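Note that the structure is a prediction, hence the values are computed from the model and not measured.
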Amino acid sequence: MKKVVLKVDFHDEKCRQKIMKTASGISGVESVAMDKDQKLTVTGDIDPVVAVKKLRKLCHTNILSVGPAKEPEKKKEEPKKEEKKEEKKPPCPGGWVYCPPPMTHCYPPVCIEEDPAGCVIC
């Protein structure tokens, strides 16, 4: 989503209507607005160069700014804090092979059923 602000030079209401119709017909445009200062604001998933190219067929057009479209602020919902109970379930029926607690260096646990020929030495 982009917000593109263009400076368009037109002289009458008929030309203004053509500009608005052309701008709204560009693929990806979600909204079009015109200020008193002849600034055209186009919002949507568009290529600014393509928009200027189409509008220059009607009147003199310049790009003033291109930026991200500001989305409406959503209320932040705080996640509910729930107590999580830790349940120790062995991930495989064969159980785990652990290193004894007093050792400082230990290999990760290996499930016996996943690697029946494996041997863990701590």
Side-chain angles (χ1 to χ4, degrees):
M1 294 291 292
K2 293 180 185 175
K3 178 180 177 183
V4 181
V5 180
L6 305 169
K7 174 73 173 167
V8 290
D9 293 327
F10 59 91
H11 302 289
D12 57 352
E13 185 64 26
K14 187 175 181 180
C15 188
R16 180 182 181 277
Q17 289 176 354
K18 286 182 182 180
I19 291 169
M20 294 291 280
K21 184 175 181 181
T22 303
S24 63
I26 299 170
S27 64
V29 171
E30 289 189 6
S31 67
V32 179
M34 178 96 55
D35 294 351
K36 296 177 187 176
D37 303 331
Q38 296 184 345
K39 291 182 183 177
L40 180 70
T41 304
V42 183
T43 308
D45 188 24
I46 59 169
D47 183 13
V49 176
V50 172
V52 170
K53 185 177 179 181
K54 288 188 178 187
L55 291 171
R56 280 192 177 166
K57 294 178 181 178
L58 301 173
C59 63
H60 184 71
T61 307
N62 290 323
I63 299 176
L64 294 180
S65 68
V66 177
K70 294 181 181 178
E71 295 182 11
E73 295 180 13
K74 297 179 182 178
K75 294 181 181 178
K76 295 181 181 178
E77 295 180 11
E78 295 181 15
K80 296 179 182 178
K81 296 180 180 177
E82 297 179 7
E83 295 180 21
K84 295 181 181 178
K85 296 180 181 178
E86 294 182 24
E87 296 179 15
K88 294 184 179 181
K89 294 181 181 178
C92 61
W96 289 89
V97 177
Y98 289 102
C99 296
M103 300 184 91
T104 57
H105 180 54
C106 184
Y107 292 98
V110 176
C111 182
I112 294 173
E113 286 189 5
E114 290 178 6
D115 190 11
C119 180
V120 176
I121 301 174
C122 297

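- Hydrophobic clustering, with ILVMFWY side chains joined whenever heavy atoms are under 4.5 angstrom apart, groups Val8 together with Leu58.
- Between Lys14 and Lys18, some side-chain heavy-atom pair lies under the 4.5 Å cut-off.
- Between the OG atom of Ser65 and the NZ atom of Lys3 there is a distance of 7.0 Å, given to the nearest 0.5 Å.
- The shortest non-hydrogen separation linking Met34 to Leu40 is CE-CD1, 3.8 Å.
- Here the closest non-hydrogen pair linking Ser27 and Ile46 is O-CG2, 3.6 Å.
- Between atom NZ of residue Lys53 and atom OG1 of residue Thr61 there is a gap of 13.5 Å, rounded to the nearest 0.5 Å.
- One distance of note links CG of Asn62 with CG of Leu6; it measures 9.0 Å at 0.5 Å rounding.
- Closest approach of Phe10 to Arg16, counting heavy atoms only: CE1-CB, 3.6 Å.
- Within the 3.5 Å criterion, the main-chain N or O of Asp37 finds a donor-acceptor partner in the side chain of Lys7.
- When every heavy atom of Pro48 is checked against every heavy atom of Lys2, the shortest pair comes out as CD-NZ, 4.1 Å.
- No side-chain donor-acceptor contact under 3.5 Å links Thr41 to the backbone of Lys39.
- A continuous path of hydrophobic side-chain contacts links Val52 to Val29 [ILVMFWY only; heavy atoms under 4.5 Å].
- Cluster membership check: Val32 shares its hydrophobic cluster with Val4, using side-chain heavy-atom separations under 4.5 Å among Ile, Leu, Val, Met, Phe, Trp and Tyr.
- The structure places NZ of Lys54 at 15.0 Å from CD1 of Ile19, a figure rounded to the nearest 0.5 Å.
- Across every non-hydrogen atom of Leu55 and Ala23, the tightest pair is CD2-N, 4.2 Å.
- Side-chain atoms of Thr22 and Lys57, non-hydrogen and from C-beta on, never get closer than 4.5 Å to each other.
- Cluster membership for Ile63 and Ile26, using ILVMFWY side-chain heavy atoms within less than 4.5 angstrom, is shared.
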